[in-house]
There are 2 protein chains.
Amino acid sequence: MDMHKDYRIGDLARATDTAVETVRYYERIGLLPEPPRTEGNYRLYGEAHLHRLRFIRRARALGFHLDVIRDLLGMVDRPDQPCASIDQLARAQMAEVDAKIADLTRLRAELAHVANQCHGGTVRECRIVEALSGGEG
Amino acid sequence: MDMHKDYRIGDLARATDTAVETVRYYERIGLLPEPPRTEGNYRLYGEAHLHRLRFIRRARALGFHLDVIRDLLGMVDRPDQPCASIDQLARAQMAEVDAKIADLTRLRAELAHVANQCHGGTVRECRIVEALSGGEG
DNA sequence: CCTTGACCCTGTAGCGGCTACAGGGTCCAT
DNA sequence: ATGGACCCTGTAGCCGCTACAGGGTCAAGG
């Protein structure tokens with residue numbers, strides 16, 4: 001069963017919820033391999049490309065940076081290697097997300113504090129402005 | 001008491017924990033007014049500049065975008081206006097931070113799920129890879 | 001007086017991860 | 001043969017800085 005479908009770049013983009021320009025961008029930076037071309041110089045993708053692009057997009061959606069994704073793809077391309085390093089990257093990513101959440105939570109508390117200072121009136125009397133102006137800086 | 005000190009750009013930068021280039025950048029984009037210069041063409045700042053830069057940096061630290069900060073500064077410069085619009089910007093900022101926290105929390109859960117799939121072995125068997133490849137995309 | 005070194009100046013280019021053109025070519029249906 | 005959807009390359013822009021290159025200024029020390 002030689003039923004491998006072909007995709008043009010727009011098909012691939014739709015199938016992965018990606019902008020066409022982004023697909024070309026991934027190719028340019030070497031994340032996505034250069035596909036063969038039609039006679040009219042159109043890129044022609046197969047299932048493998050679709051698979052790989054899905055992987056990239058899903059990892060991006062989880063916040064992985066492109067250089068980390070590059071590493072992940074490198075590992076995926078050597079399936080006999082141990083999986084530990086992939087696990088490690090995933091855990092590092094979790095730690096990063098945790099740190100961001102902690103940051104934003106602190107921020108939110110500060111913002112709430114600042115916003116609660118306002119009791120109406122003019123800008124001159126506004127304690128928000130004071131809160132933003134003062135401080136340790 | 002004519003005791004207004006002057007600051008050179010490096011002093012200002014140190015006093016607000018800002019890079020010198022960033023101070024110049026804020027001037028270039030019109031956030032910080034152009035200060036007078038010395039004979040040798042050095043920027044010479046006063047307390048007002050210090051105050052304003054502190055405001056900018058503090059707002060940035062709370063995650064406000066520069067264009068919002070521009071608006072905030074515009075309001076601060078009209079102290080007789082009502083304070084409500086400032087309050088509104090602060091609350092909008094809170095909402096944005098809340099949304100980011102919610103996003104990241106969802107992300108964290110997904111990442112935990114993905115990372116927990118790994119039980120050692122080779123990349124070929126790694127469920128993390130599967131989890132990243134599969135899906136609705 | 002001269003050098004050293006810390007600081008300052010302008011201008012431009014780079015980062016990440018896209019996004020948005022301009023200015024063209026291809027392909028298929030009508 | 002014409003229209004419109006799609007594709008191509010190449011370049012520039014977004015944000016908020018950051019990092020140079022290539023020079024000028026200024027005060028202290030020899």
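As the structure is a prediction and not an experimental result, all values here were calculated from the model.
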Strictly below 4.0 Å: does [X] bring a side-chain N or O up to OP1 or OP2 of [N]?
{"X": "B/Arg43", "N": "C/dC8", "answer": "no"}
{"X": "B/Arg60", "N": "D/dC17", "answer": "yes"}
{"X": "B/His65", "N": "D/dG16", "answer": "yes"}
{"X": "A/Arg37", "N": "D/dT9", "answer": "yes"}

Atom [atom1] of [X] to atom [atom2] of [N]: distance rounded to whole Å?
{"X": "B/Tyr45", "N": "C/dC7", "atom1": "OH", "atom2": "C1'", "answer": "14 Å"}
{"X": "B/Ile29", "N": "D/dC17", "atom1": "CD1", "atom2": "P", "answer": "8 Å"}
{"X": "A/Leu62", "N": "C/dG17", "atom1": "CG", "atom2": "P", "answer": "14 Å"}
{"X": "A/Leu31", "N": "C/dG17", "atom1": "CG", "atom2": "P", "answer": "10 Å"}
{"X": "B/Asp6", "N": "C/dC8", "atom1": "CG", "atom2": "C1'", "answer": "16 Å"}
{"X": "A/Glu34", "N": "D/dC8", "atom1": "CD", "atom2": "C1'", "answer": "14 Å"}
{"X": "A/Tyr7", "N": "D/dC7", "atom1": "OH", "atom2": "C1'", "answer": "19 Å"}
{"X": "A/Leu44", "N": "D/dC6", "atom1": "CG", "atom2": "C1'", "answer": "14 Å"}

Please name the pair of heavy atoms, one in [X] and one in [Y], separated by the smallest distance, quoted to 0.1 Å.
{"X": "A/Thr16", "Y": "A/Leu12", "value": "OG1-O, 2.9 Å"}
{"X": "A/Arg60", "Y": "A/Leu66", "value": "CD-CD2, 3.5 Å"}
{"X": "A/Ser133", "Y": "B/Phe55", "value": "OG-CD1, 3.5 Å"}

Start with the C-alpha gap between B/Asp103 and B/Lys100, add the side-chain angles, then the distance that decides, and say whether salt bridge (charged side-chain N to carboxylate O under 4.0 Å, His left out) holds. CA-CA 5 Å; B/Asp103 264 14; B/Lys100 268 187 202 155; over 6 Å; no
Students often get this wrong, so: under 4.0 angstrom with heavy atoms, is B/Tyr26 touching a base, only sugar-phosphate, or nothing?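 Sugar-phosphate, no base atom in range.
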One character per nucleotide, please: for nucleotides 19-30 of chain C, 5' to 3', B when the base has a protein heavy atom closer than 4.0 Å, S when only the sugar-phosphate does, - otherwise. BB----BBS---
Under 4.0 Å between a Lys/Arg side-chain N and an Asp/Glu carboxylate O for B/Arg43 and B/Glu34?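 Answer for the salt bridge query: no.
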Would you mind checking if B/Asp98 and A/Arg108 are paired as a salt bridge, meaning a charged N to carboxylate O distance below 4.0 Å?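 A salt bridge is present here (some side-chain N lies under 4.0 Å from a carboxylate O).
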Yes or no on salt bridge (charged side-chain N to carboxylate O under 4.0 Å, His left out) for B/Asp87 and A/Arg127, after CA distance, side-chain angles and deciding distance? CA-CA 10 Å; B/Asp87 190 45; A/Arg127 304 280 212 80; over 6 Å; no
